[in-house]
Amino acid sequence: MRNGFIFKHDRCVGCNACRAACSLENRGTVHLRNIFTYNIGSENFSPVINLSMACNHCESAICMKGCPASVFSRDKATGAIILNEKKCIGCKYCQWNCPYDAPKFDILKKTIAKCNLCYTGLKEGRKPACSTACPTGALSFGELNVSESKTAFRWFPDKQLVPALQFIANGNDVPLKIIPLNKGKQVVKQNRNDKNIKGELSLVIFSFLTTLSVALVLSSFIKGIYPEKYTFLVMLATAGTCSLFHLGKKLRSWRALTNLKTSPLSREIAAFILYSALSTSALFLQLPSLLISSALTGLLLLLLLDSVYIYADKSRSVVLHSGQTFLSALTIASFLSGSILPFAFTFIIKLGLTAYRHIFIKPDFSESSVRFLRIALLVVPGLSLLLLNSNPGISIIFIFLTGEFIDRILFYYDFNPLNINSLIKEHLKRERDEKEKY
Amino acid sequence: MNEFVTACPRNCYSTCSFRVQVENNQIIRILPYSGNLATPDGPCIKGLSYIERTHSKDRLIHPLIRSSSGNFSIIGINEALDIITNKLRRIREDYGPKSILWYRGSGMSGLTNDIGSSFWKSFGGATTTYGNLCWPAGLEAVRLTMGTVKHNVPWDLENAKTILIWGKNPAETNIQEIRFIANARVKGCKIMVIDPIRTATADKADILYCPVPGTDGALALAIARILIENNLVDHEFIKNHVKGFENFRDSLRITVSEAEQITGIPAEEITSLAMLIGNGKPMTILPGYGLQRHQNGGQTIRSILALSILTGNIGKPGAGFNYANLQSYIYDDLKEPLSYFPDPDKDLPFRRSVSMARLGSDMLKTRDPELKAIWIERGNPVLQSPDTNNVLKAFSMIDFKVVVEQFMTDTAALSDIILPAKDVFEQSDIIGSYWSPYVQLKPKVIQAPGEVIPETEIYYHIAEKLNLNISNELIPKPGNDNIEKWLENRIKGYSDLTLQTLKQAPVLAPGLQEIAYEDFVFDTPSGKIELCSETAKLKWGISELPGYTSINHGENRNKYPLIFLTPNTGNRIHSQFGNLEIIKETTPEPCARISVEEANRRGITEGQRTRIFNECGELKCRVSISARIPAGVVVLPNGIWFSEGGGVNRLIAGQETDIGYGAAFHDNSVEIEVSD
């Protein structure tokens with residue numbers, strides 16, 4: 001029988017004692033436990049829900065599987081997923097992978113911190129600080145009976161991860177009747193994307209330059225002309241440096257290669273190193289066999305690069321996205337090499353995916369003008385190639401590549417790794433909208 | 001590492017027992033103590049924050065003296081005590097002892113608090129306060145009606161079929177009660193909340209009624225009338241145990257449609273609520289204290305209490321009117337609220353002439369002698385008393401101000417000398433509670449830092465310097481062993497309880513009635529429950545019967561249309577705890593809350609800086625717009641320090657409640673507008 005957190009939301013009032021107890025116990029600089037409160041502002045139709053959650057120490061811990069630096073491990077005695085701070089490179093992949101917002105990035109230390117179930121205390125017979133501190137008994141720790149349960153939170157994502165968390169739904173969930181009904185309806189601001197692109201700029205540049213570099217290798221393979229070697233070298237070096245800049249602990253970056261067994265990110269980084277070696281040697285040594293291998297390795301690298309995102313993308317936000325590197329490299333390569341038929345093919349796929357997304361998401365004005373610009377930057381050069389049937393000039397290439405760069409930025413903008421907070425908000429909003437119909 | 005069982009001595013219902021782990025004179029962990037059945041899950045976030053509070057870098061641990069330039073500098077404790085002694089001697093010589101105001105708040109409870117009285121008595125007396133800022137209107141209402149103020153033990157709440165939480169927000173101010181409410185609900189209990197604001201407690205209920213603030217009495221009396229008309233009263237109970245039913249019945253004038261006009265609650269909903277109350281036995285009412293911080297507070301509580309009485313919901317499991325349970329105060333010779341009432345003969349040599357509710361204006365009016373000095377302990381009157389303008393004015397006229405305080409509060413900041421105050425874990429004491437039925441020892445477990453000495457030692461040293469020759473039985477010599485001897489002696493004769501027993505564990509109050517009034521003995525003049533009370537008329541000049549008078553908001557009501565409510569919140573005890581980092585991290589910036597309607601009417605948007613004002617004063621703060629606040633109301637919690645942008649009492653007049661000498665905090669109205 002597993003031990004884990006048991007949560008009775010009927011008696012959680014969002015007092016934050018659990019969060020405070022955790023901080024006082026761990027004396028760190030980040031809070032490891034989250035308190036979410038939903039339906040707090042306005043609607044009279046849905047009950048207010050408080051949810052206290054830290055790490056669920058899942059049976060199938062995705063943080064551990066996906067971590068390229070082998071930072072996480074399971075403590076055998078308690079089953080807790082613990083992390084070795086000294087190994088963490090601060091890549092934040094675990095934050096993308098975890099649907100419960102358990103890993104926290106410590107801005108001062110530049111590494112990840114996470115609830116460790118107070119595992120050292122557990123061994124001494126002391127329960128976790130949070131559950132011990134809860135003054136209403138909403139949060140407790142003990143033997144889980146997972147056949148009970150998730151009726152309280154139907155939307156709770158867990159099927160594959162098997163979190164050590166059990167909800168007990170006590171009593172009715174009939175919404176509060178308010179007399180007299182408050183006439184003022186509060187406008188709840190919709191934050192579609194809480195993410196900040198600035199943080200991901202290094203990844204945008206890294207992935208775009210990598211894509212471009214593979215496209216150049218492919219295009220040179222088709223055209224039979226090697227690209228300028230120093231430009232190419234600078235491009236790869238910039239890409240590599242940018243990816244390094246994404247890390248919190250750059251000096252430990254070699255650790256990213258230690259989990260080839262289960263981490264897509266580890267594999268991608270290994271592939272990048274291999275590709276860089278092959279392609280650079282191909283250009284400097286001018287050996288066709290090397291060129292072929294680097295083209296193939298490059299394509300493999302891009303598939304792995306895309307897989308890093310798909311692995312983290314539980315909500316399937318970018319599974320079909322025109323900004324994916326594999327598709328983009330093929331598009332760019334066919335454009336640069338003037339290969340009409342392949343280009344037409346990729347052109348149509350890109351256009352289709354972009355249009356579909358534009359209609360599906362219904363973005364606000366500023367966002368939609370960027371998307372419109374991107375389409376224009378694809379269509380104008382693309383049509384000029386397809387219709388005029390000549391090798392594109394420098395300015396057309398520049399316009400086209402700008403469009404591709406914007407496409408990659410949009411990829412990051414649309415990338416929405418499963419985030420428990422937005423998931424709950426969306427689900428509850430759907431519930432409220434349904435109820436309001438009646 | 002050592003572990004001790006102790007209790008939280010704050011002015012709070014719960015008075016939680018907890019275990020504290022100590023290592024190298026540091027508090028390292030706070031854990032629940034499951035042996036206390038009222039608080040088995042341990043303290044709230046404030047209790048946990050003692051880990052920071054006791055060792056806070058902001059804590060004052062040396063005496064501070066103000067120079068002529070206005071800045072504070074550190075002086076040694078002996079020097080400080082000498083300065084104070086000389087000043088007190090001089091002032092007593094020149095103006096007499098009554099020119100000193102001795103002010104005590106409720107910042108920390110304990111039997112040793114009273115040791116100061118022995119000092120001042122021997123000193124020749126002083127001027128002191130009467131009344132209380134918090135709950136005396138309701139206490140007196142219950143005392144007049146029931147004789148003794150008590151209720152069933154907290155865990156009995158699980159036996160209720162109906163719980164009516166009226167003007168109380170346990171989710172924030174008595175969080176240990178939530179477990180019992182939640183357990184009752186699981187068993188099928190119906191929970192109703194009556195509160196103008198949709199509080200965190202309301203979110204755990206079945207129905208929320210939002211009457212206009214201050215109109216609860218009208219609602220209760222309309223319900224009483226419906227109960228009687230529909231024969232939902234317990235005639236047997238009334239016949240045997242109640243005096244004045246017929247008079248009460250005949251006095252009920254407010255019809256249900258009048259109540260609708262007064263309270264804003266639709267007539268048919270008032271009727272439904274009456275039905276739920278009449279048919280929902282056993283029913284417990286949980287009345288709060290905000291409910292009676294009105295001019296009509298005492299009458300309001302009497303009217304609501306009448307509902308429990310009419311339906312016979314007294315003296316049975318799951319039933320009751322849980323205003324306060326004073327059964328654990330076995331060592332108080334004079335129980336509250338009687339201890340708040342001035343008695344010119346019994347009070348001597350003290351001159352009890354300053355009302356807590358009117359601190360500022362009463363201080364200014366004091367003559368023969370005027371006030372020349374003030375000694376403040378365990379309180380923050382500059383921030384927490386109504387009518388800040390007059391309080392500040394009165395303080396500026398005082399030549400010598402001594403404050404015993406843990407942090408640089410707004411009161412301490414105005415003083416002339418600050419003596420650093422002890423913390424929870426630095427002196428043993430015995431405490432009771434007004435909700436939990438336990439008598440508890442709060443032991444000394446760490447050495448006080450710096451030059452901190454407890455009040456008892458401060459008084460000891462000053463008494464020595466003044467040659468007052470006070471017996472050690474009254475003021476013990478320094479040292480915790482002497483304090484414990486004093487406590488041992490203090491509690492002798494009241495029961496079989498010894499200090500030794502208390503050292504083992506918290507103890508249920510000797511003589512405790514777990515089901516209050518189960519013997520149907522009522523310590524009133526008639527020996528019965530007095531719906532009709534002559535004392536009410538004789539002593540307070542109110543009707544012998546419960547009744548409703550609407551709040552008089554003054555002539556400026558049109559200029560200031562919004563009622564100003566200043567409730568307590570879960571992250572503070574009044575003005576304590578809010579300054580701690582761990583508390584600040586979980587509290588957003590304090591802001592006033594108004595409804596969507598009122599915001600739209602004034603063109604106010606979320607997060608804007610606004611100015612709240614009325615004829616008393618003004619306050620600037622950010623505003624938050626919430627559908628949980630009704631129209632016609634502005635809510636801003638009390639206890640926020642001036643330095644944080646708080647100070648609600650600038651807008652609150654010094655008004656007493658109808659009975660009990662309480663403070664009518666919630667009877668002020670304001671206007672709000674965008675500021676820069």
Side-chain angles (χ1 to χ4, degrees), chain A residues 8-25 27 31 35 37-44 46-50 121 126-127 129-140 168-172 174-189, chain B residues 14 16 29-32 39-45 47-49 51-52 171-172 175-176 178-179 181-183 185-188 193 198 200-210 264-266 269 273 570-571 582-583 585-587 595-600 606 625-631:
Chain A
K8 298 181 186 169
H9 76 288
D10 73 326
R11 55 198 69 198
C12 176
V13 294
C15 77
N16 276 278
C18 51
R19 194 163 178 259
C22 172
S23 293
L24 289 167
E25 182 74 20
R27 316 279 176 135
H31 285 289
I35 313 288
T37 304
Y38 302 101
N39 295 334
I40 190 70
S42 48
E43 285 72 19
N44 304 310
S46 311
V48 169
I49 297 172
N50 294 302
R126 200 172 55 235
K127 290 191 180 170
C130 51
S131 58
T132 308
C134 176
T136 62
L139 181 68
S140 54
I168 295 190
N170 268 337
N172 50 17
V174 178
L176 177 67
K177 185 173 174 206
I178 302 179
I179 299 160
L181 210 57
N182 201 326
K183 292 192 193 77
K185 193 143 170 243
Q186 195 161 351
V187 173
V188 180
K189 263 194 237 161
Chain B
S14 302
C16 302
R29 206 174 267 126
I30 288 175
L31 301 165
T39 66
D41 291 319
C44 63
I45 189 176
L48 297 173
S49 77
I51 293 178
E52 179 187 334
E172 295 199 62
I175 198 172
Q176 283 69 20
I178 292 296
R179 131 196 271 255
I181 295 173
N183 284 345
R185 193 153 190 237
V186 172
K187 288 188 192 170
V193 170
R198 181 175 173 183
T201 305
D203 289 326
K204 300 298 182 200
D206 295 302
I207 314 177
L208 168 67
Y209 300 88
C210 302
I265 309 225
E269 298 293 354
L273 176 56
N571 283 357
I582 194 81
I583 298 293
E585 278 164 13
T586 54
T587 331
S595 69
V596 179
E597 204 179 304
E598 301 296 351
N600 289 341
E606 176 71 26
I625 303 172
S626 171
R628 297 170 74 87
I629 309 292

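Naming: A, B, ... by sequence-line order, numbering from 1 per chain.
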Chain A contacts, top residue of Asn571(B), Thr201(B), Leu208(B) (heavy-atom pairs, under 4.5 Å): Leu208(B)

Among the listed options Ile175(B), Ile583(B), Leu31(B), the residue most often paired with chain A at heavy-atom distances under 4.5 Å: Ile175(B)

Choice from Ile582(B), Ile45(B), Asn600(B) maximising heavy atom contacts with chain A below 4.5 Å: Ile45(B)

Chain A contact via Ile51(B) - side chain, backbone, both or neither, heavy atoms under 4.5 Å: side chain

When Gly570(B), Cys44(B), Ala202(B), Ser595(B) are compared by non-hydrogen pairs under 4.5 Å with chain A, the top option: Ala202(B)

Taking every non-hydrogen atom, the tightest pair across Gln176(B) and Pro135(A): NE2-CB, 3.9 Å

Region of Ile30(B) that comes under 4.5 Å of a non-hydrogen atom in chain A: neither

Separation between SG of Cys210(B) and CG of Leu181(A), rounded to the nearest 0.5 Å: 9.5 Å

Gap separating the NE2 atom of His9(A) from the CD1 atom of Ile168(A), nearest 0.5 angstrom: 11.5 Å

Residue Arg11(A) versus chain B: region with a heavy atom under 4.5 Å: both

Expected output: side-chain Ser14(B) to main-chain Cys16(B) donor-acceptor under 3.5 Å: no

Distance, nearest 0.5 Å, that separates CZ of Arg185(B) from NZ of Lys204(B): 8.5 Å

Max heavy-atom pair count under 4.5 Å with chain B, selected residue of Cys12(A), Ala129(A), Ser23(A): Cys12(A)

Chi angles and distances behind the salt bridge (charged side-chain N to carboxylate O under 4.0 Å, His left out) call for Arg179(B), Asp41(B): CA-CA 9 Å; Arg179(B) 131 196 271 255; Asp41(B) 291 319; 2.9 Å; yes

Interface moiety of Asn183(B) toward chain A, non-hydrogen atoms closer than 4.5 Å: both

Region of Ile207(B) in contact with chain A, defined by heavy-atom distances below 4.5 Å: both

Minimal non-hydrogen separation, Gly14(A) against Asn50(A), with atom names: N-ND2, 3.5 Å

Lys177(A) bridged to Asp206(B) by N-O distance under 4.0 Å: no

Separation between CG of Asn16(A) and OG1 of Thr586(B), rounded to the nearest 0.5 Å: 5.0 Å

Between Ala200(B), Ala205(B), Ser49(B), Pro40(B), the one whose heavy-atom pairs under 4.5 Å with chain A are most numerous: Ala205(B)

Contacting region of Glu172(B) [heavy-atom separation from chain A under 4.5 Å]: neither

Top of Cys134(A), Ala21(A), Ser140(A) for chain B proximity - count of heavy-atom pairs under 4.5 angstrom: Cys134(A)

